[in-house]
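Convention: sequence-line order gives letters A, B, ...; per-chain numbering from 1. Below, each value reflects all heavy atoms present in this structure, side chains not excepted, and no hydrogens, waters or symmetry copies.
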Number of protein chains: 2
Amino acid sequence: MSIRLTHRELDIMAVLWRLGSGTVNEVWAEIEDDLAYSTVLTMLRTLEGKGHVRHEVQGKAFRYYPVTQSEDAGSGALDRVLDKIYQGSRELLVTRLLADEEVSPEELRRIRELLDERLGELES
Amino acid sequence: MSIRLTHRELDIMAVLWRLGSGTVNEVWAEIEDDLAYSTVLTMLRTLEGKGHVRHEVQGKAFRYYPVTQSEDAGSGALDRVLDKIYQGSRELLVTRLLADEEVSPEELRRIRELLDERLGELES
DNA sequence: TACTAGCTATTACGTTTTTAATAGTTAATA
DNA sequence: TATTAACTATTAAAAACGTAATAGCTAGTA
């Protein structure tokens, strides 16, 4: 079975993926919701117990590093969305993804390039 | 806050979205995992309590209809994946989505068309 | 009408998740 | 050295999830 992070676990992993690493304090500061410091601490220990993060001692604090990478957690989540919501249709998913007003033409172009590359590979 | 279905709730909603509607029996038959009939029943009642489905009496059975539509639940889930895993980068997400070996050239072409349309809109 | 198959309603319970208070520890510092 | 600020460790416990047994109801049918 694919890796399955809980809601809150994902919030915390996301911070570590973004920062590369973080102390409890750093993670706590980044989390949007108003959690207690000790809650974040517990969460990180839980994640460590599950093998998703590891820590090194840094002064008197622990510095946590992601072990599970976003890709590994991501593919499961994305596949699930693709399967359950968009019934396996990547087109539907992409349609929805690009329907957003905020997508810039530049981003669209880069994505098209990406597609062209991929198509080139297949046709050669 | 966006709609947030639990894992199992999503499984069940996915069936209803696909079939359009379903009795407990029908949903139960479609769910892959080996659940007790009463579990599915409970789940549907829970979903009804949360307003995600409604039912009509059909003979002696209930026929359930989705109230929450896949798009509504989907955007939340997709946005979350986009945000937390791919750090908001649609490119990264699309890259991953199309990296899959199983994607056919036809599908890629259709997606490219989709992109071209969208770009056309923006440029005009 | 009595029976029964097929449903729904009720109730419960183990597990996981989430949150957090508070106790203990340690490294710097007055 | 005594103090304290900044951490980690321990312990609880409420809430959410997931699962299912069993009781109760009802429409058809023998």
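The CG-P distance, from B:L44 to C:dC7, rounds to 14 Å in whole Å. When the C1' atom of C:dA21 is taken as reference, atom CE of A:M43 falls 17 Å away, rounded to whole Å. To the nearest angstrom, P of C:dA27 lies 14 Å from CD of A:Q58. Between B:L41 atom CG and C:dA12 atom C1' the separation is 15 Å, expressed in whole Å. For the pair B:M13 CE and D:dC17 P, the interatomic distance rounds to 15 Å; values are reported in whole Å. In this structure, A:R4 atom CZ and D:dC17 atom P are separated by 12 Å, rounded to whole Å. Taking atom CZ on A:R8 and atom C1' on D:dA14, their separation rounds to 15 Å, with Å as the unit. Taking atom CD of residue A:E56 and atom P of nucleotide D:dC7, one finds them 17 Å apart after rounding to whole Å.
A:T46 comes within 4.0 angstrom of no nucleic acid atom, judged by non-hydrogen atoms across all strands. Contacts of A:F62 with the nucleic acid, taken as non-hydrogen atoms under 4.0 Å apart, involve only primed sugar atoms and P, OP1 or OP2.
A donor-acceptor pair shorter than 3.5 Å can be found between the side chains of A:E48 and A:H55. Counted by atom type alone, A:S21 and A:R63 present one or more donor-acceptor pairs between their side chains at under 3.5 Å.
Taking side-chain N and O atoms only, B:Y37 has a distance below 4.0 Å to OP1 or OP2 of C:dT8. Contact between the side-chain N/O atoms of B:K60 and the OP1/OP2 oxygens of C:dT4 is not found at any separation under 4.0 Å. Contact annotation: A:T39 reaches the phosphate of C:dA20 (side-chain N/O to OP1 or OP2, under 4.0 Å).
Side-chain N or O atoms of B:W17 include none that pairs as donor or acceptor with a backbone N or O of B:P66 at under 3.5 Å.
Under a hydrophobic-cluster definition in which Ile, Leu, Val, Met, Phe, Trp and Tyr are linked whenever side-chain heavy atoms come within less than 4.5 Å, directly or via other members, A:I31 and A:V53 are assigned to the same cluster.
Contact detail for A:L98 and B:R118: the closest heavy-atom pair is O-NE, 2.6 Å. The minimum heavy-atom distance between A:R4 and A:E9, with the atom names listed, is O-OE1, 4.3 Å. Taking every heavy atom of both residues into account, B:L97 and A:V94 meet most closely at CD2-CG2, 3.8 Å.
Mapping A:A36 and B:R45 onto DNA chain C by nearest heavy atom places B:R45 at the nucleotide closer to the 5' end. A residue-by-residue look at A:G59 and A:E9 shows that A:E9 has its nearest nucleotide of DNA chain C further toward the 5' end.
Residue-to-nucleotide contacts include no donor-acceptor pair under 3.5 Å from the side chain of B:T6 to the base of D:dA16.
Of the residues in residues 17-35 of chain B, those with a non-hydrogen atom less than 4.0 angstrom from any atom of DNA chain D are B:L35.
Side-chain atoms of A:T42 lie closest to C:dA20 of the nucleotides C:dA20, C:dA9, C:dT18.
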